[in-house]
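Read through the structure below, which is laid out as structure tokens, and then see the notes.
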Amino acid sequence: MALNLAQKKALVADVNAVAASSLSAVIAEYRGLTVAEMTELRTEARNAGVYMKVVKNSLARRAVEGTPFECIQPSLRGPLLLAFSREDPGSAARVVKGFSREHAHLVTVSVAVGGELYDAANLDRVAALPNLDEARAMLLRTLNGPMTQLVRLLSEPGSMLARALQGRGEQAE
């Protein structure tokens, strides 16, 4: 179904708003996927908090103008879908990577993070980025390590004294 000018403007504005507030984007070619497979992919994306849209390349070029994802414009050739991660930078990459394992027709073209365009080989690296909870856990482990060592260091002289007194007491008996 062809879109009229007002619908095209609304679509461009919608994608532009999402792109302006997103952390990363994955561009993938979906040629060969069935409607049922595309519906399954969209469901997985929605559940992961990923905005996924199939947009004409000319409209997608206009939609990403003025956003950090302006760098994806050279990649927009052929039947593509755009997946934007809004909550954590690796979610779109994880959805596309997981779905492409089972469906060979979904092929990653490029990945964009922080205004930098990367080729499809970097999909695994972006997918491995931690989500917010994992990042917080890593930060807490990093902060907790030196504190734990300090507590052990400060408690060691008291422990040594207690062991020495216990040994002396056992020796006297």
Qualifying residues under side chain to side chain contact (heavy atoms under 4.5 Å, CB included), relative to S75, sequence neighbours excluded: V109, S110, L117

Side-chain heavy atoms of V15 within contact of V55, under 4.5 Å: yes

Distance in Å, L165 CG paired with E170 CD, rounded so as to fall on 0.5 Å steps: 11.5 Å

Joint cluster assignment, V126 & L23, ILVMFWY side-chain distance < 4.5 Å: no

Sidechain-backbone polar pair: N4 side chain, Q7 backbone, donor-acceptor under 3.5 Å: yes

Side chain to side chain contact (heavy atoms under 4.5 Å, CB included) partners of R168, counting only residues at least two apart: Q171

Pairing residues for T67 by the side chain to side chain contact (heavy atoms under 4.5 Å, CB included) criterion, not counting sequence neighbours: N16, A19, A20, V64, F69

Validation row: D133, R136 side chains within 4.5 angstrom (heavy atoms): yes

Between N144 and R141, a side-chain donor and acceptor under 3.5 Å: no

Polar side-chain atom of E37 near backbone of T34 as donor-acceptor pair, under 3.5 Å: yes

Nearest-0.5 Å distance, CD of residue E44 to OG1 of residue T39: 11.5 Å

Joint cluster assignment, V107 & L123, ILVMFWY side-chain distance < 4.5 Å: no

Nearest heavy-atom neighbours spanning A60 and L76: CB-CD1, 3.8 Å

Pairing residues for Y51 by the side-chain hydrogen bond (donor to acceptor under 3.5 Å, both in side chains) criterion, not counting sequence neighbours: D14

Criterion side chain to side chain contact (heavy atoms under 4.5 Å, CB included) on M38 and V54, from CA distance to verdict: CA-CA 10 Å; M38 281 297 287; V54 174; 3.8 Å; yes

Residue pairs, two or more places apart or on separate chains, that pass salt bridge (charged side-chain N to carboxylate O under 4.0 Å, His left out) and touch residues 104-121: none

Pair listing, salt bridge (charged side-chain N to carboxylate O under 4.0 Å, His left out) test, anchored in residues 48-71, at least two apart: none

Results of salt bridge (Lys or Arg N to Asp or Glu O under 4.0 Å) for K97 - residues two or more places apart only: D124

Contacts of type salt bridge (Lys or Arg N to Asp or Glu O under 4.0 Å), residue R31, not counting sequence neighbours: E29

Residue pairs involving residues 102-122 (criterion ring pair (Phe, Tyr, Trp, His ring centres under 6.0 Å); sequence neighbours excluded): F99-H103

From CA spacing to verdict: side chain to side chain contact (heavy atoms under 4.5 Å, CB included), V96, L106: CA-CA 8 Å; V96 171; L106 184 66; 4.1 Å; yes

Atom pairs and distances, donor-acceptor, side-chain atoms in residues 77-88, under 3.5 Å, two or more places apart:
| from | atom 1 | to | atom 2 | distance (Å) |
| --- | --- | --- | --- | --- |
| R77 | NH1 | P74 | O | 2.5 |
| S85 | OG | S24 | OG | 3.1 |
| S85 | OG | S91 | OG | 3.2 |
| S85 | OG | A92 | N | 2.8 |
| D88 | OD2 | G90 | N | 3.4 |
| D88 | OD2 | S91 | N | 3.2 |
| D88 | OD2 | R94 | NH2 | 2.4 |

Side chain to side chain contact (heavy atoms under 4.5 Å, CB included) involving A45 - partner list, sequence neighbours excluded: V50, M52, V95

Counterpart residues, salt bridge (Lys or Arg N to Asp or Glu O under 4.0 Å), relative to E156 (two or more places apart): R163

